[in-house]
Protein chains: 2
Amino acid sequence: MLESGVVRERADAARNRLRVLAAAERLFAARGVAAVTMDDIVAEAGVGKGTLYRRFGDKGGLAMALLDERERELQQRMLRGAAPLGPGAAPGARLAAFVQAYLDLVVAQVDLVVLSETSAPGARLRTGAHAFWRQHCRYLLAESGAADPDLRADLLLAALAAEQIRHWVNDEQRIPADLAEALSNVAQLLAQP
Amino acid sequence: MLESGVVRERADAARNRLRVLAAAERLFAARGVAAVTMDDIVAEAGVGKGTLYRRFGDKGGLAMALLDERERELQQRMLRGAAPLGPGAAPGARLAAFVQAYLDLVVAQVDLVVLSETSAPGARLRTGAHAFWRQHCRYLLAESGAADPDLRADLLLAALAAEQIRHWVNDEQRIPADLAEALSNVAQLLAQP
DNA sequence: TGACGAAGCGGACTGTGGTCCGTTAATGTC
DNA sequence: GACATTAACGGACCACAGTCCGCTTCGTCA
């Protein structure tokens with residue numbers, strides 16, 4: 001027993017986790033998310049199917065793992081970064097900054113985020129990341145003196161669902177920057193009492 | 001040639017369409033939407049699989065067909081029914097009435113609506129019904145003098161996505177009536193300039 | 001170093017949504 | 001009523017997500 005309490009990841013498990021992530025990233029980049037099957041990934045990674053599923057649960061879990069790094073980075077900027085995204089600015093301004101930053105993150109990897117939010121019914125609302133965004137919006141809305149901040153946070157995040165964003169950007173050809181501004185404005189409205 | 005222009009539905013096609021709808025309704029009621037497979041429906045209806053798919057496209061299409069009647073009824077009430085849902089009332093009041101009525105409709109058949117909105121990625125935003133709700137909200141928001149009515153209509157409808165409503169009602173145990181009121185209030189806010 | 005327990009492995013297998021295409025029969029014509 | 005046309009039928013078939021479980025390998029301890 002080297003570790004205390006927490007069981008350390010076994011060497012072969014770590015190796016395979018990285019292999020799978022690398023393979024998935026490669027294939028998604030090469031063919032697009034929709035055209036890649038779990039069998040493809042397994043073959044490319046040179047591992048068994050059980051290995052993939054043991055580690056990532058399902059297709060959405062794999063997508064979440066691939067997004068994890070960028071999401072955590074944004075979360076850090078929100079908690080400890082510079083204003084207006086980080087602490088220091090007025091809650092309304094922070095909310096607008098969050099909308100902008102989150103939109104950027106989603107637009108950069110729409111298909112992957114869609115996958116992570118739609119693999120299972122209700123997946124979007126159950127992720128740890130979603131709980132974080134929600135908590136943050138609730139807090140900022142409450143700080144702004146908004147009525148019913150809980151509901152309004154959900155409303156704002158519903159508008160930021162990946163499928164909605166993909167629809168706006170891909171199907172309706174909206175410019176992400178304009179969209180970010182328009183949504184920031186609505187966020188200001190929601191921050192009203 | 002008995003018909004002019006429009007090709008009439010063939011007798012066997014009509015019979016099978018009704019058989020499938022009846023079978024689906026029966027099975028969904030008996031076992032719950034999630035526990036019924038397309039093979040189950042085909043077996044219960046006594047038709048072939050190709051028949052089902054030729055007519056309804058996919059699982060979501062079948063769900064939409066089952067919802068169609070109630071949706072069309074609500075649409076009629078919106079267009080020609082009594083105020084405040086129908087014409088006559090102030091746009092803000094009509095919007096609130098729509099939110100209430102739509103929520104009722106969804107809550108009454110959540111699982112079916114979820115199915116219709118999630119069978120294919122982006123399905124929700126592509127249905128004819130969605131275009132109708134959207135058009136109506138846009139119109140009422142514009143009439144209220146709201147800024148950016150297009151975006152705000154999308155925002156409101158995003159909050160009324162079936163998965164979101166199911167989450168609020170089933171997972172968070174919100175009372176539909178309270179939810180309807182809270183969402184109506186937010187709709188009022190969105191109707192602001 | 002050898003042996004043991006358990007975490008991890010991997011691929012055959014299953015369930016289900018959706019497609020394909022040869023066959024059947026409803027409809028309109030003469 | 002016989003015939004031609006063609007929409008509609010239906011079930012074998014396919015693809016792919018996800019499961020199961022006997023086997024392997026890792027890490028530990030004596």
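Chain identifiers are assigned alphabetically (A, B, ...) following the order of the sequence lines, protein sequences preceding nucleic acid strands; residue numbering begins at 1 within each chain.
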*asked:* Salt bridge check, A:R17 against A:E9: does any charged N sit closer than 4.0 Å to a carboxylate O?
replied: yes

_B:D178/B:R174 ion pair, N-O < 4.0 Å_ = no

Starting at [atom1] of [X] and ending at [atom2] of [N], how long is that distance when rounded to a whole Å?
{"X": "A:R8", "N": "C:dG8", "atom1": "CZ", "atom2": "C1'", "result": "16 Å"}
{"X": "B:L52", "N": "C:dG18", "atom1": "CG", "atom2": "C1'", "result": "11 Å"}
{"X": "B:R19", "N": "D:dG10", "atom1": "CZ", "atom2": "P", "result": "8 Å"}
{"X": "B:L62", "N": "C:dG18", "atom1": "CG", "atom2": "C1'", "result": "14 Å"}
{"X": "A:R15", "N": "C:dA7", "atom1": "CZ", "atom2": "C1'", "result": "14 Å"}

_Watson-Crick or G-U pairs under 3.5 Å in DNA chain D, rendered as dot-bracket with [ ] for crossing pairs and | for another strand_ = ||||||||||||||||||||||||||||||

*Just checking B:V42: base, sugar-phosphate only, or nothing, at a heavy-atom cut-off of under 4.0 Å?*
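No contact.
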
*Distance-only, no hydrogens or angles: does the A:R152 side chain make a donor-acceptor pair with backbone N or O of A:Q192 under 3.5 Å?*
yes

Please list each protein N or O that sits under 3.5 Å from an N or O in nucleotides 18-21 of chain D, with the distance.
residue	atom	partner	partner atom	Å
D:dG18	OP2	A:K59	N	3.1
D:dG18	N7	A:K49	NZ	3.0
D:dG18	O6	A:K49	NZ	2.7

*Per the atom types in the model, does the base of C:dA7 pair as donor or acceptor with the side chain of A:R10 at under 3.5 Å?*
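A donor-acceptor contact between them is present.
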
Under 4.0 Å: is that the gap between some side-chain N or O of [X] and OP1 or OP2 of [N]?
{"X": "B:R17", "N": "D:dA8", "value": "no"}
{"X": "A:T51", "N": "C:dG10", "value": "yes"}
{"X": "A:N16", "N": "C:dC9", "value": "yes"}

*Does any non-hydrogen side-chain atom of B:F28 lie less than 4.5 Å from one of B:L66?*
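Counting from C-beta outward, B:L66 and B:F28 do come under 4.5 Å.
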
*Describe, in one word, how the ring planes of B:F132 and B:H136 are oriented to each other, choosing from parallel (under 30°), tilted (30 to 60°) and perpendicular (over 60°).*
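Geometry flag for B:H136 against B:F132: parallel rings.
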
*Can you name the salt bridge (charged side-chain N to carboxylate O under 4.0 Å, His left out) partners of A:D171, sequence neighbours left out?*
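Residues passing salt bridge (charged side-chain N to carboxylate O under 4.0 Å, His left out) with A:D171: B:R126.
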
